[in-house]
Amino acid sequence: MKPAIGDTPLRVGRAGTRGVLFAMCLSLVLVVASVSALNLALPDLAVNLDASNSSLTWIADGYTVALAALVLPFGALGDLFGRRKMLILGNLVFGAAALFAAFADSTTHLIVWRVLMGIGAAMIMPGTLSTITSVFPAEKKDRGVATWSGFAAAGAIIGMLVAGGLLEQWTWKSIFVVSAATSLVCALAALLLAPETRSSAPEPFDRGGSLTTAVMVGTLVYGIIEGSDRGWTRPEALVAFGVSALALIGYVTLGLRSRHPILDPRLFLLRGFRAGTIAIMTQFMAVFGFFFVGLQFLQLILGYSPLKSAVALIPVAAVVLPTSQVTPRLVRRLGYRAVLPVGLLCLAGGMFWLTLLDAGSGYPAFLVALVVAGLGIGLIGSAGTSSIVDSLGPDRQGVASAMNDTTREVGSAVGIAVMGSVFSSQYRSALPDSIRGLPADAAETVRHSAAGGLQVASRLGERGVQLADGVRDAFMNGFTDAMSVIAVILAVAAVACLVFAPARHRSAAGPDGEPQTAVHPQEKHC
């Protein structure tokens, strides 16, 4: 079998499309797992590196900000020079940065190496989906995309399971050592199992568009994190938001003028492209924002170990993977306009259920939210990805994949920033007045993080019992407010998809909706 991109036939090797799918999903899981795995170690990092809530947010978000800001440019470069080359190089950069991160002795050093890991991940991520969509024949493409989407969601759980097992025996540093070793396996798998693919009609690299999109994403997330930590009217936050807005204007202006934009702004006029972007972005805002706060709930409120916390999230993957496989059939029968809003409402329902928990709630109540949210994630991930990918032609699959990845990573970065910021501000404001009677260093530790607060309480004997209860109540105050915010955002996104999503799948496109296999906007006028 010789699937083709444009006029170029591809040999997929003895392992066939299954081998390609394995190699691409392996690299995908590495990238996604690295977003979530370190969340299990946040309580330990708060204590061992004396990290504040803001520093913890940057440790988690430094990776996703770099990934989100650079995935579009690297997707375009992969289209131009070869997607497999870019993926293998990305694995090598990722592995080297992960190895250095294992020896970090301060939050600053760890954040720097996490950013460099994110750069490597940005080189890896676009090639995973674009290789699948380029190599798979039309009759298998939907199933390949659905499998990719399932692992994109389940990869976060896989990462946390591995990290939980490592933390049972070793320190947080072991997560980075294993990540470095895994990246080498991923590079080898891509080299042996995946063909080289590239655009058959390469376009010049859009430097202006690459710069403006990177600046826009980076400064937006920086403003959210710093605004919450230092105040929304502080110069740092205001300047960051101003620069982000100017970068957005620059991206649109340059994109409309360029003959070969990295991501033509007019693509957002396509109903499928627009709806898929909204759905995927808000899904990942919810999922990774939840992981950032929810894992701390399991460890600090329910008292679970890192491994037990990861195991407690398995029901999400158990629901997501089969739901992702069924979703393509639902989309063909019901259309994106039905599937996407239902998925978003399911996810919103799961987040809303979490707002009903308190410090005395047990795991069964938490489990209900996981199952409902898992149904939503499975529906959104597969349908949203197909909606974006189907909007662009075969020669622009690298950019289509990169845009899909960008929405995921921007959503992850903004979700962690927004929910982490809401959680941190509400946690600090809800702390009991009794902390004023503590020594200055101890009081500051309590304000820095709930993990630090509980550690301080454990050293105060009988007096610490009241402080621990106050810290837990403050944690739940921040937790429920963060979940309320994301539930509202998801509900609004569901309404937007109901309005914008195409009524039918591309194979059934008719008079009421444009076909989803749209050509490049510039080509419509040729």
Side-chain angles (χ1 to χ4, degrees), residues 24-42 44-45 56-71 74 87-104 109-129 148 151-167 170-187 189-190 221 284 287-292 295 306 309-310 313 317 405-406 408-413 415-417:
M24 296 303 102
C25 286
L26 186 63
S27 284
L28 168 69
V29 168
L30 173 67
V31 171
V32 176
S34 296
V35 180
S36 62
L38 206 60
N39 287 331
L40 279 173
L42 292 179
D44 288 342
L45 289 169
L56 292 176
T57 302
W58 271 115
I59 290 170
D61 240 351
Y63 176 86
T64 50
V65 169
L67 175 51
L70 297 174
V71 71
F74 282 128
L87 185 148
I88 292 173
L89 179 60
N91 270 296
L92 297 178
V93 172
F94 180 100
L99 191 59
F100 281 111
F103 298 97
H109 290 159
L110 185 55
I111 291 168
V112 169
W113 292 120
R114 284 280 287 174
V115 169
L116 290 174
M117 287 175 65
I119 294 173
M123 301 169 75
I124 298 168
M125 193 74 168
T128 60
L129 181 59
W148 184 95
F151 276 102
I157 309 297
I158 294 171
M160 287 186 285
L161 284 171
V162 173
L166 292 172
L167 292 172
W170 299 287
T171 69
W172 57 268
K173 295 175 182 289
S174 62
I175 296 173
F176 293 105
V177 173
V178 171
S179 295
T182 304
S183 69
L184 293 179
V185 176
C186 291
V221 176
F284 274 73
V287 169
F288 282 94
F290 162 72
F291 285 154
F292 181 76
L295 283 168
S309 298
L313 294 176
D405 299 336
T406 299
R408 291 169 183 268
E409 303 314 325
V410 169
S412 300
I416 292 171

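For the single chain, residues carry numbers from 1 onward in sequence order.
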Would you give the length of the straight line joining atom CG of L116 to atom CD1 of I111, rounded to the nearest 0.5 angstrom?
12.5 Å
Take L313 and L161 through the test side chain to side chain contact (heavy atoms under 4.5 Å, CB included) and record every step on the way to the result.
CA-CA 9 Å; L313 294 176; L161 284 171; over 6 Å; no
Taking every non-hydrogen atom, the tightest pair across W113 and A104
CD1-CB, 4.5 Å
From L89 atom CG to F74 atom CZ, the distance as rounded to the nearest 0.5 Å:
8.0 Å
Exercise: identify the closest heavy-atom pair between M160 and A310
O-CB, 3.1 Å
Rounded distance [0.5 Å steps], CG in N91 versus SG in C186
5.0 Å
Rounded distance (nearest 0.5 Å) linking atom CH2 of W172 with atom CG of L110:
5.0 Å
Output for pair (L184 CG, S179 OG), nearest 0.5 Å, gives 11.5 Å
Run the side chain to side chain contact (heavy atoms under 4.5 Å, CB included) test against V31 and tell me which residues pass, sequence neighbours left out.
Y63, L67, A121, I124, M125
Could you list the residues that satisfy side-chain hydrogen bond (donor to acceptor under 3.5 Å, both in side chains) with S183, not counting sequence neighbours?
none
What pair of heavy atoms forms the shortest contact from A37 to G159, and how long is it?
CB-O, 3.7 Å
Looking only at heavy atoms, the pair that brings A66 and A122 closest together is O-CB, 4.2 Å
To check you understand the geometry: which heavy-atom pair defines the closest contact between I88 and A187, and what is its length?
CG1-O, 3.9 Å
Compare all side-chain heavy atoms of F100 with those of M117 and state whether any distance is below 4.5 angstrom.
no
Of all residues at least two apart in sequence or in a different chain, which pass the ring-ring contact (aromatic ring centres under 6.0 Å, His included) check with F291?
F288
Return the CD1 to CZ distance between I119 and F94, rounded to the nearest 0.5 Å.
12.5 Å
Heavy-atom side-chain contact between T128 and L87 under 4.5 Å
yes
Any side-chain heavy-atom pair of I158 and V32 under 4.5 Å:
no
